[in-house]
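Accompanying notes for the structure given below.
Both ligands and their constituent atoms are indexed starting at 1 by order of listing.
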Amino acid sequence: MTETGQPRLAHWADNAPYTGAGDRTAPVTDPATGQVTGRVLLATSQDAHAVIRSAKAAFPAWRDASLARRTAVLFRFRELLNERKQELAEIITSEHGKVLSDALGEVTRGQEVVEFACGMPHLLKGGFTENASTGVDAFSVRQPLGVVGVISPFNFPAMVPMWFFPLAIAAGNTVVLKPSEKDPSSALWLARLWAEAGLPDGVFNVLQGDATAVDALLDDPSVKAVSFVGSTPVAQHVYARGTANGKRVQALGGAKNHALVLPDADLDVAADAMVNAGFGSAGERCMAISAVVAVGGVGDELVAKIAERAAALRTGDGTRGCDMGPLVTAAHRDRVASYVEQAEMDGAEVVVDGRTVRPDGGDGGFWLGPTLLDGVGVGMSCYTDEIFGPVLSVLRVDTYDEALELINASPYGNGTAIFTNDGGAARRFRNEVEVGMVGINVPIPVPMAYYSFGGWKSSLFGDTHAHGVEGVYFFTRAKAVTSRWPDPSHGGINLGFPQNA
Ligand code: NAD
């Protein structure tokens, strides 16, 4: 507790809270009321190295634990998570602001990765070749790396960490999770759940903090790999510094996702999808649709349909059954609103204005309602920048080719979607578009746990995507073994280069 009676959110090491030596803290706020609900510790680099040491000490025994033992813990974690996910969803809503149903959806998508990781014995199977040469067998195994760091953003405080740590732990690594300082409690809740599931001390640890904690993870030689998710500039920094220090890094960055609506699309289906994907979680999703590209004259009808739906949404406290919650902080709300002001000055039409919203929530909440901008041009900052709020921009073009060119010119390539009833057009789009995750009449095409998640271009730095088989590869390294057991017929000394015989 702090002097003012607010909870002090500590680090977590060796299955217990750890306060470290540093005294820097940051406020944690309920975005629906604006009230400070706690203070989170911000690690010094010494604190970070101490938490990393716990993870390092735990590695040899966890690496050597049998797959049966490791997956038994994972199964227990899955069962506890499934029983108690409502608790976790309430924590997410209280610090992030997203509505409860959305928070529950986030936990469920994370749980799917835990379920995938329960199949680790199958995923780690290597190959075996008998008699590659006479009396020689060849085989491959995949082994864990050691301590791995996971650095996560504010917008999915449970799901994004769960894209990584179930696979890392199941594969035999130990983990240091650095959650966002804006909503740090979910990570601690997950840590307690691991302890209850029987995970040995030091296998899953939480390091609270900001850039100091991140840089310590990137610099500490005991950390062998880092999975990062956040904005593009920070992803670039993490990738450059981590790889310069010889680490394996996957750094998932920002996004600007387009939805292309062709003239033959069902416009009611498309409008529903734009509203769900544009305003769900107040637009604070890396797979949110933020730019709608209306092709060949569908613009007027589509904008009218989206506007009607957006205006009917209820913005308010996420615990009250509203459609959309507040933004995460006051500063972020003001930043998003400033893009709407600038768009107006740049000549866009504000069709639905979230700045005038009357929320069902506290006066101090960080409110901005759904906002629809029409007549947006490619030079406007509301189009070029990642806004990360409930602002949907509509651009109009004449042809499919123009739409494709526009999408492919974006520096980001996280997600995209096409709305059409023409299978040939959809097929062409999924083939030609330079984006990592594509939806066909599906607005937020987040891959299932057994596929891998990741964008192209400035939306991902590194070679491997998150979860799925690529996640297993990221958290393990391959070893190829060639073995001969001499039998009485072995041929004695031969200095020649080994050849198949
Ligand atoms: P952020 O980049 O501000 O923070 C992400 C993490 O980096 C946090 O843990 C934060 O503490 C840390 N951090 C912040 N500044 C840092 C610095 N200068 N040096 C080192 N570490 C630093 O991102 P955010 O605002 O928390 O999250 C929103 C962003 O994340 C958006 O850009 C969104 O598109 C992106 N995101 C991407 C994906 C994806 O899969 N590509 C998924 C979710 C979110």
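- Residues N414 and N257 bring no donor and acceptor atom of their side chains to less than 3.5 Å of each other.
- In terms of protein heavy-atom proximity, atom 40 (O) of ligand 1 is closest to F453 CE2, 3.0 Å.
- With ligand atoms numbered from 1 in the order given, ligand 1 contributes 32 (O), 34 (O) to contacts under 4.0 Å with heavy atoms of G254.
- Closest to atom 27 (O) of ligand 1 among all protein heavy atoms lies P153 CB, 3.2 Å.
- Near W163, meaning under 4.0 Å from one of its heavy atoms, ligand 1 places the atoms 40 (O).
- Taking the six-membered ring where tryptophan is involved, the planes of Y18 and H11 are tilted, since the angle between them lies from 30° to 60°.
- When heavy-atom distances to ligand 1 are checked against a 4.0 Å cut-off, V238 has no atom that comes that close, whether in backbone or side chain.
- Protein heavy atom at the shortest distance from atom 17 (C) of ligand 1 is A211 CB, 3.7 Å.
- Checking side-chain atoms of K98 against main-chain N and O of N155 turns up a donor-acceptor pair under 3.5 Å.
- Around atom 15 (N) of ligand 1, the closest heavy atom drawn from D215, V229, L217, V234 belongs to V234.
- For ligand 1, one of its N or O atoms has an N or O atom of F154 under 3.5 Å away.
- Distance from atom 36 (N) of ligand 1 to its nearest protein heavy atom, with residue and atom name: C286 CB, 3.7 Å.
- Neither the backbone nor the side chain of R285 comes within 4.0 Å of ligand 1, counting heavy atoms alone.
- Looking only at distances, no side-chain donor or acceptor of S452 sits under 3.5 Å from a matching main-chain atom of Y450.
- Checked by atom type, the side-chain pair Y412/H258 shows no donor-acceptor distance below 3.5 Å.
- Ligand 1 has no nitrogen or oxygen under 3.5 angstrom from a nitrogen or oxygen of H237.
- For a threshold of 3.5 Å applied to N or O pairs, the pair formed by G253 and ligand 1 contains at least one separation below that value.
- The existence of a salt bridge linking R285 and D102 is confirmed by a sub-4.0 Å separation between a basic side-chain nitrogen and an acidic carboxylate oxygen.
- Formation of a donor-acceptor pair under 3.5 Å by the E95 side chain with backbone atoms of S185 is found in this model.
- Between the side chains of Q342 and S381, no donor-acceptor pair is found at a separation under 3.5 Å.
- Interface of S152 with ligand 1, defined as ligand atoms under 4.0 Å from a residue heavy atom, comprises 6 (C), 8 (C), 9 (O).
- Each of the following atoms of ligand 1 lies closer than 4.0 Å to a heavy atom of V214: 20 (C), 21 (N).
- Using a 4.0 Å cut-off to heavy atoms of N155, the atoms of ligand 1 that qualify are 43 (C), 44 (C).
- No more than 12 heavy-atom neighbours from other residues, nucleotides or ligands sit within 6.0 angstrom of NZ on K56.
- Considering CE of M162 and CZ of F156, their distance stands at 11.5 Å, rounded to 0.5 Å.
- For the residue pair H96/D183, the side-chain donor-acceptor check at 3.5 Å is not satisfied.
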Between E181 and R24, is a salt bridge (charged side-chain N to carboxylate O under 4.0 Å, His left out) present by the stated rule, with each step listed?
CA-CA 12 Å; E181 59 276 43; R24 283 192 313 138; over 6 Å; no
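- Shown in contact with S231 at under 4.0 Å from a heavy atom are these atoms of ligand 1, numbered in order with element: 1 (P), 2 (O), 23 (O), 29 (C), 30 (O), 32 (O).
- Of the possible polar contacts, none joining the S54 side chain to the G202 backbone as a donor-acceptor pair under 3.5 Å is found.
- Using a 4.0 Å threshold on non-hydrogen atoms, atom 4 (O) of ligand 1 does not count as touching the protein.
- In this structure, atom 35 (C) of ligand 1 lies nearest to the protein heavy atom G230 O, 3.2 Å.
- Nearest to atom 34 (O) of ligand 1 among the protein's heavy atoms is E386 OE2, 2.5 Å.
- Within the 4.5 Å cutoff, the side chain of S227 has no heavy atoms near those of the V148 side chain.
- The option with the heavy atom closest to atom 28 (C) of ligand 1, from among F156, F388, F228, is F388.
- Atom numbering of ligand 1 starts at 1 in the shown order; those under 4.0 Å from a heavy atom of K178 are 8 (C), 9 (O), 10 (C), 11 (O).
- For ligand 1 and E181, the ligand atoms under 4.0 Å from any heavy atom of the residue are 10 (C), 11 (O).
- Under a 4.0 angstrom heavy-atom cut-off, Y412 registers as lying outside contact with ligand 1.
- Counting heavy atoms closer than 4.0 Å to ligand 1, residue N414 contributes side-chain atoms (C-beta onward) but none from N, CA, C or O.
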